[in-house]
Amino acid sequence: MRIAERLRRLQISAGAAVAVLLYVLMYLVYAANESGVLSQFGITNLLNDTVVLAVAAAGLTLTVLTAEFDLSGIGVIAIANVVVATTSAGPAGWLVSLFGVLAIGAAVGLLNGWLVGVLRMQSLAVTIGTMIACEGVALLILAAPGGQVADSIANGLTGDLLGLPVAALIILGVLLLWFLLAVTRLGIALYAVGTDETAARLSGLAVRRTKLLAFVLAGMAYGLAGYMLSAQTGSGDPRASDGFLLFMYASVAIGGTSLMGGRGGVFGSVIGAGILTVMQKMLFALGAASFYTDVFSGLIMLVAILIGTLPRVMPRLRRSVA
Amino acid sequence: MAPRVTAATTEPSSEGQSTPPIHRRINPELVPGLMVLVCAIVLIAASKLMNPGAGFTQELAAVLGTSIFLVVASFGQGLTILLGGIDLSIGVVIGIAAMMISVLTDGRDATLPWAVPVTLAVGAAIGVVNGVGIALAKVPPFIMTLASGITFYGAGLGFTSGLAQEPVAPALERLMNGHWFGVPIPIFLIIAFVIAATVFQNGTSVGRKLYAIGSSPGAARVLGLPIGGLTVLAYTLSGLCAAIAGLFLAGYSSAATLDMGGPLLLPTIAAVVIGGASVMGGRGIYLGTFAGALFLSALETIITVLSLSQGLRDIIEGAIIVGALLAQGERWNWFRR
Amino acid sequence: MKKRGFKRLLQRLIFGAASLGAAAAMALSVPAEAAPYKVFLDLSYSGNVWQTEAANGIKALAETPPYDKEVTFKTVISGTDVQHQISDLQSMIAAGANAILFYPVSGTGLNRVIEQGCRRHVLMVAYDSSVTAPCAYNVNSLGGRYGANSAQWMVNQMGGKGELVINHGVAGTALTNLMDRQALDVFHKYPGIRIVAQFYGNWNDALSQEGISRILAAHPNIDAIWTVDGTWGSFQAVMQHRPSRLVVIAGQSNNGYRLAIGDPALQEKGLKGLSASFGPADGPYAFKVMMEILTGELKPTEHNIAYPLPWVPYDKVKLCTGLSFVNGCNVFPPGKVPPLFIDTALNGELLPELNLTAVENGTPVPGATIQKLPPVQYSDNLPGVNCEECKAPSDWLQPNRVTPIPAPK
């Protein structure tokens, strides 16, 4: 009982729990059909493939919880990638470029948050605008793929530290930050604003500030995701994140976060990102080729969501169980 | 006329309740659309100023003529957004419809009488799948349409390997590239479509019910509206509109590829939202969306003619979109007071 | 309460497993025959003409004897996301691939996974687009200097003066940057050439057609359009808005476009066209190169291997009667293929194993067997495009196929 209570406070919802089981299941299918999956090399590779999407989806979750859209993520990732590729191997080094991309993410988030939270413009259209503009900035910084990511980043972040893959440590770090955030005033406010904005305002919550902070934190997460992408690719490419946006949203939704706001959490989104990554690996291991991969990706996405939404489809069943 | 049924829940931003509509001179639903239309006209005029050699009517015809795909497809997108949903499968349906019409007609006009209905039916059928998934299985629209888009794209690849081996029927090409009385035919099509769409959305009881569901599903349920059926209808119409846009695009390009609708997806969403609709549902009219589509087409024209590097182009495009939102946003509340 | 909750989860899990199992059963359709080489094709973009024809040509070759007995061949579509392609390449390497032929979505972003593959002795070959990883082979037409040569050809046709529109490809790609630099370098030598508008048609015909339509409204007097792809769309826009006065144009080799530039009636209206640009046949050619390296028949001394740049000016267009390009013919009659069909998917000399049906359907030509390649040619080294630490030839910006005319006074 106590544990259930605590889990609830950490926002590990039923949806997220289903996602975990689905992840484990897919992972087992993958491991059973492909050799070397459970080796250190295989695990590190899988985590490296997951971490960018996981961190980006974690950031996106914060804005989704407040019932807002944020499409600017891929723009920020693109800028972060080209900035790391053009500065980190030079005098800036890994630390300065890390703070640099976090600051850039925060700045874009601040702009979004100001336009959406303070000026109350529609987040979907606003962030389409900022996404396009950010992609433009990335193209101005680096007109074609190139640049060089410092070895300390490219090797350091994709390898192991103290016997654990660095990607795993990053994901754990993001989750830890989330669990800390979820119990603060801001964390509670995120849910309150997303559930019912008017009620949140009437009960004295600072709605504008909450939204502003959600966008700023999301922007910083995108910056970090771009940093991790740079580590994985070892170079800059202004178009590297082109196809990424829908996967970010799919991660959030599969992880049990409602796109209408107020329900879900970062933990689920990280698992959602894991599901999408391992799904691709599993389909490959099972021998799905060419267009079948697309067909099955779509279907599995639907199945994952269906399983997660069953309790809401059958409210009576749920009531009887509770 | 004002289609808002339950104003209270649709206005997350209004402080307290707005004053009653006694002082209204303009239907507030029209304001964002009008502002965006003004922005579009300013853009066209600016482009004329930059290229004094160009004829104003030619510019206008270019903006209108190239907007037809967006004008048609964003009507369907608008209906799903009106219900608080979204349709991410539009780009895929456009590509599938374009491929189908090429394969089915194989360059012969005589096949059009059955090929067009079949193509439109397939587009609508994809919409039905989306609608059923959303209304009955309660899959969130975002995921339902994303997943069905990915799946049908894969199926399309499997059937066709991505390239229509057959040419498009010449009549369709003439429809998209011909003139009547010196005016491009697509402009007549746009006018007819806008009238039909507006009448459907704001002049029929079905349209009003869609507003009711979008602004308050709970109230709509209490009123006994067939929410499931109407949701399926909205997504079906969205699939149908995307299929029409696909026919037009195939005719315009005289050829079809499966990926040709992709670049249109995000603009359909942008057109609807820039036109003043709320993504939370229940708000927005098609004339606003139409203005949004024209605005985006005008923006594209001016950006194309500017001849800047893609980076600067993107930055300007993003800034102008945000600027247009600022112009139509809550700043203009005084119109309502 | 807790137990029943668990049961519910279990039920859902079983439901999920059942559907996954069904999916898996349907997916497992690849025969597990034992062939000596395990070869993968990794596509990035899909659903357009160019990529489809390249992939079909490769598939047809993989099933042509003796390759059909020598390789287990599998195609994977990775989409446009770098992460996705990295993950798929990793899977192929882990699955014990002997060779991977791939269309790289990024010229630099895949380098780490490519090196992973090389360390495990996987032969990594990129076609059409290039990568800078030194251990990979690049097979493409970069050495043909399309940018410089096509621009010079246009300048010569224009007499060194006139209003020009530039239809760039996809912004942010190495290929677009390179072609642009070469072309602009040539155009800028002629003060009489005025670039009145430039836009990014994304190698996409519908977008190019819209772009040129918009530009024609603002600049009704343009004389020429330079493209890399999206050529058919660009040409369509001119036919639609200014059918009585056509343009000098260079670009891709769509069948409809080749027919048009070879048409004397259109030539009389001012159409002077060049059909060149990168052809889909570089994919199948790369596959043959890869197979010959794999079997040890070919030991290339360099990693940048050239596929000859297709080059058909309007006066060299010649109609084919059959299904193949023989006796120098290079275009199919109208109605045989759709106008968007790219003719350079075929190559009578280097790829005699393929015909029209093969690149349309991905099926081998009955009775055909793989012919040995003539000695391979090597391409220009271009730092940042197809190699990392290398030197470009001093004249990499200059045309090497077309003789420049002097700038008119």
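Chain letters run A, B, ... following the sequence lines, proteins first, then strands; residues in each count from 1. None of these values were measured; they are calculated from a predicted model.
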> If you look at every heavy atom in A/A250 and B/I143, which pair is closest and at what distance?
CA-CD1, 3.8 Å
> Quick one: what part of B/I150 sits under 4.5 Å from any heavy atom of chain A, side chain, backbone, both or neither?
both
> In a table with atom names and distances, give each donor-acceptor pair under 3.5 Å that connects a side chain of residues 70-77 of chain A to protein atoms at least two apart or in another chain.
| unit_1 | atom_1 | unit_2 | atom_2 | d |
| --- | --- | --- | --- | --- |
| A/D70 | OD1 | A/S72 | N | 3.0 |
| A/D70 | OD1 | A/S72 | OG | 2.7 |
| A/D70 | OD2 | A/Y222 | OH | 3.1 |
| A/S72 | OG | A/N112 | ND2 | 3.0 |

> Are the side chains of A/L140 and B/S309 in touch, meaning some heavy atoms are under 4.5 Å apart?
yes
> Are B/V322 and A/M121 close enough that some pair of their side-chain heavy atoms sits under 4.5 Å apart?
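Of all side-chain heavy-atom pairs linking A/M121 with B/V322, at least one is under 4.5 Å.
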> With a 4.5 angstrom heavy-atom cut-off, is it the side chain or the backbone of B/A277 that approaches chain A, or both, or neither?
backbone
> Could you check whether any side-chain heavy atom of B/V273 comes within less than 4.5 Å of a side-chain heavy atom of A/I128, counting everything from C-beta outward?
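No. Closest side-chain heavy atoms not under 4.5 Å.
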> Does any backbone or side-chain atom of B/L312 lie under 4.5 Å from a heavy atom of chain A? Answer side chain, backbone, both or neither.
both
> Looking only at heavy atoms, which two atoms of A/I132 and B/E317 are closest? And how far apart?
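Shortest heavy-atom separation between A/I132 and B/E317 comes out as CG2-CB, 4.2 Å.
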> Answer with side chain, backbone, both or neither: which region of A/L124 has an atom nearer than 4.5 Å to a non-hydrogen atom of chain B?
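A/L124 touches chain B through side-chain heavy atoms alone.
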> Show me the donor-acceptor pairs within less than 3.5 Å that the side chains of residues 83-92 of chain B make with the rest of the protein, sequence neighbours left out.
| unit_1 | atom_1 | unit_2 | atom_2 | d |
| --- | --- | --- | --- | --- |
| B/D87 | OD1 | B/S89 | N | 2.9 |
| B/D87 | OD1 | B/S89 | OG | 2.6 |
| B/D87 | OD2 | B/S238 | OG | 2.7 |
| B/S89 | OG | B/N130 | ND2 | 3.1 |

> Of all the heavy-atom pairs spanning B/A147 and A/G298, show the shortest one and how long it is.
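Minimum heavy-atom separation between B/A147 and A/G298: CB-O, 3.3 Å.
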> Atom CD in B/Q310, atom CZ in A/R239: separation rounded to 0.5 Å?
9.0 Å
